[in-house]
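This structure is a prediction, so every number in the text was calculated from the model and none was measured.
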Amino acid sequence: MKTYTNTGNKDTRSGFGAGLTELGKTNENVVALCADLIGSLKMDEFKANHPERFFQVGIAEANMIGLAAGMTIGGKIPFTGTFANFSTGRVYDQIRQSIAYSDKNVKICASHAGLTLGEDGATHQILEDIGLMKMLPGMTVINTCDYNQTKAATIAIAEYQGPVYLRFGRPKVANFTPEDQTFEIGKAVKLTEGNDVTIVATGHLVWEALEAAKTLNDKGISAEVINIHTIKPLDDKAILGSVAKTGCVVTAEEHNYQGGLGESVARVLAQHQPAPQEFVATNDTFGESGTPAQLMEKYGLNANAIIQAAETVLKRKN
């Protein structure tokens with residue numbers, strides 16, 4: 001079984017900041033807008049290097065979306081930055097009307113997503129954003145797993161024509177994907193080969209899936225782990241190819257099971273290749289205040305939960 005090495009815990013939001021800094025040097029059309037959260041979004045360096053291309057809009061997220069949409073008309077590539085809750089729920093109408101409906105080339109970059117925002121509590125821990133954004137026609141939805149992948153994705157979406165929602169997080173997590181990777185929008189990454197069960201994971205749950213696969217392997221269960229960094233467009237071919245071999249699937253995400261990756265996978269299976277599926281996700285609930293580790297344990301979003309789901313789905317297959 002292929003193993004992966006954590007080269008040191010890093011926060012994915014810093015991967016975004018590093019990618020944006022790189023874009024500032026290489027693409028003069030990239031501009032950045034922030035809703036009074038420059039430090040939290042790691043946009044400091046871009047602002048320092050390119051003050052004429054940085055716009056601090058204050059706590060006025062709806063206005064930020066409108067400004068970004070307008071900037072695309074002049075050929076600019078706006079990257080907006082704030083917390084995921086404010087990037088989506090607070091400004092959904094503006095995104096729908098001003099960006100998605102007219103296919104504006106805006107990159108909506110959202111930090112502090114999911115339960116791992118931690119102590120800030122339920123009002124900030126959005127667990128519905130993937131569903132909100134993937135339902136918008138023409139919107140690309142990306143949820144990266146570590147620092148290196150987030151940096152690569154940030155750079156890649158600047159070259160993509162069309163609206164993008166890029167979701168990442170606050171805590172320091174395992175950094176295990178290649179530093180020199182090429183990020184392909186809509187292309188899943190198979191991390192391990194397996195024959196018994198497919199584990200399809202996204203975001204912070206990808207490393208947990210790899211940890212789960214190691215334990216399952218020790219138990220004699222061969223797990224195939226697939227990193228779905230792009231939830232829309234979904235790599236149907238990769239999912240169906242794996243499930244055709246294993247006959248069952250576990251989906252894992254830091255999001256409500258309603259509207260998330262799991263439902264997208266279920267749709268693909270229902271249409272093309274029905275198979276038993278178990279969901280590792282929050283169960284139609286809001287979060288609460290606590291450390292990221294406490295919350296991931298309480299809400300069943302870790303390697304142990306993935307192991308249990310895999311063992312359950314195997315029984316359903318047999």
Side-chain angles (χ1 to χ4, degrees), residues 10-91 94-95 97-100 102-113 117 120 124 129 133 139-140 142 144 146-172 175 179 183 185:
K10 290 186 175 183
D11 48 319
T12 50
R13 59 176 171 160
S14 287
F16 165 69
L20 190 63
T21 297
E22 185 70 23
L23 286 172
K25 301 172 185 175
T26 59
N27 192 329
E28 64 182 12
N29 284 321
V30 168
V31 297
L33 302 88
C34 188
D36 203 30
L37 289 166
I38 298 170
S40 293
L41 270 289
K42 305 299 182 181
M43 301 171 86
D44 318 65
E45 197 166 348
F46 184 95
K47 178 188 176 185
N49 294 340
H50 312 285
E52 76 287 357
R53 288 156 56 190
F54 182 84
F55 302 88
Q56 171 61 276
V57 303
I59 306 174
E61 295 87 354
N63 189 42
M64 179 173 69
I65 293 299
L67 287 169
M71 288 177 179
T72 65
I73 298 171
K76 300 302 180 186
I77 307 171
F79 280 64
T80 66
T82 186
F83 291 175
N85 195 20
F86 309 142
S87 287
T88 56
R90 179 168 289 182
V91 294
Q94 284 75 22
I95 292 172
Q97 305 297 84
S98 298
I99 293 177
S102 50
D103 196 36
K104 291 291 192 297
N105 191 32
V106 176
K107 316 308 173 185
I108 302 164
C109 303
S111 182
H112 294 56
L117 173 51
D120 285 9
H124 284 50
D129 54 315
M133 299 306 281
M139 182 68 68
T140 293
I142 296 171
T144 50
D146 70 356
Y147 172 96
N148 286 340
Q149 190 172 79
T150 308
K151 179 180 179 181
T154 302
I155 294 169
I157 64 176
E159 298 300 320
Y160 174 82
Q161 182 66 37
V164 175
Y165 178 58
L166 175 62
R167 182 190 205 246
F168 42 93
R170 176 189 189 182
K172 292 183 177 181
N175 188 38
E179 186 175 1
F183 187 89
I185 294 172

Polar side-chain atom of N148 near backbone of N175 as donor-acceptor pair, under 3.5 Å = no
query = If you round to the nearest 0.5 Å, how far is OG1 of T26 from CD1 of I155?
reply = 7.0 Å
ask   = OG1 of T80 to CG of L41: how many Å apart, nearest 0.5 Å?
value = 8.5 Å
task = Decide whether N27 and K25 meet the rule of one side-chain donor and one side-chain acceptor closer than 3.5 Å.
result = no
query = What orientation do F83 and F86 show, parallel under 30°, tilted 30 to 60°, or perpendicular over 60°?
reply = parallel
remark   = Contacts of K76 meeting side chain to side chain contact (heavy atoms under 4.5 Å, CB included) (sequence neighbours excluded), chain-then-number -> N29, V31, M71
query = Residues two or more places apart in sequence or in another chain: which of them pass side chain to side chain contact (heavy atoms under 4.5 Å, CB included) with S98?
reply = A69
query = For Q56, does the CD atom have more than 12 heavy-atom neighbours from other residues, nucleotides or ligands under 6.0 Å away?
reply = yes
request  = Could you grab the distance from atom CZ of F79 to atom CZ of F46, nearest 0.5 Å is fine?
outcome  = 8.5 Å
task = Check the pair T88 / Y165 against side chain to side chain donor-acceptor pair (under 3.5 Å), numbers first and verdict last.
result = CA-CA 9 Å; T88 56; Y165 178 58; 4.7 Å; no
key: Check: T72 main-chain N/O paired with K104 side-chain donor or acceptor under 3.5 Å   = no
request  = Would you check if the side chain of R13 reaches a backbone N or O of H112 as a donor-acceptor pair within less than 3.5 Å?
outcome  = no
Heavy atoms of other groups near E45 CD, more than 12 under 6.0 Å = no
query = Does the side chain of T150 pick up a donor-acceptor pair with the side chain of T144 at under 3.5 Å?
reply = yes
query = Counting only N and O atoms by type, is there a donor-acceptor contact under 3.5 Å from the side chain of K47 to the main-chain atoms of F55?
reply = no
query = To the nearest 0.5 Å, how far apart are CG in D120 and CZ in R170?
reply = 5.0 Å
key: For A152, all residues meeting side chain to side chain contact (heavy atoms under 4.5 Å, CB included), sequence neighbours excluded   = Q181, F183
ask   = Under 3.5 Å, side chain of N105 to main-chain N/O of G162, donor-acceptor pair present?
value = yes
ask   = Just by distance, do the side chain of T12 and the backbone of G169 share a donor-acceptor pair under 3.5 Å?
value = yes
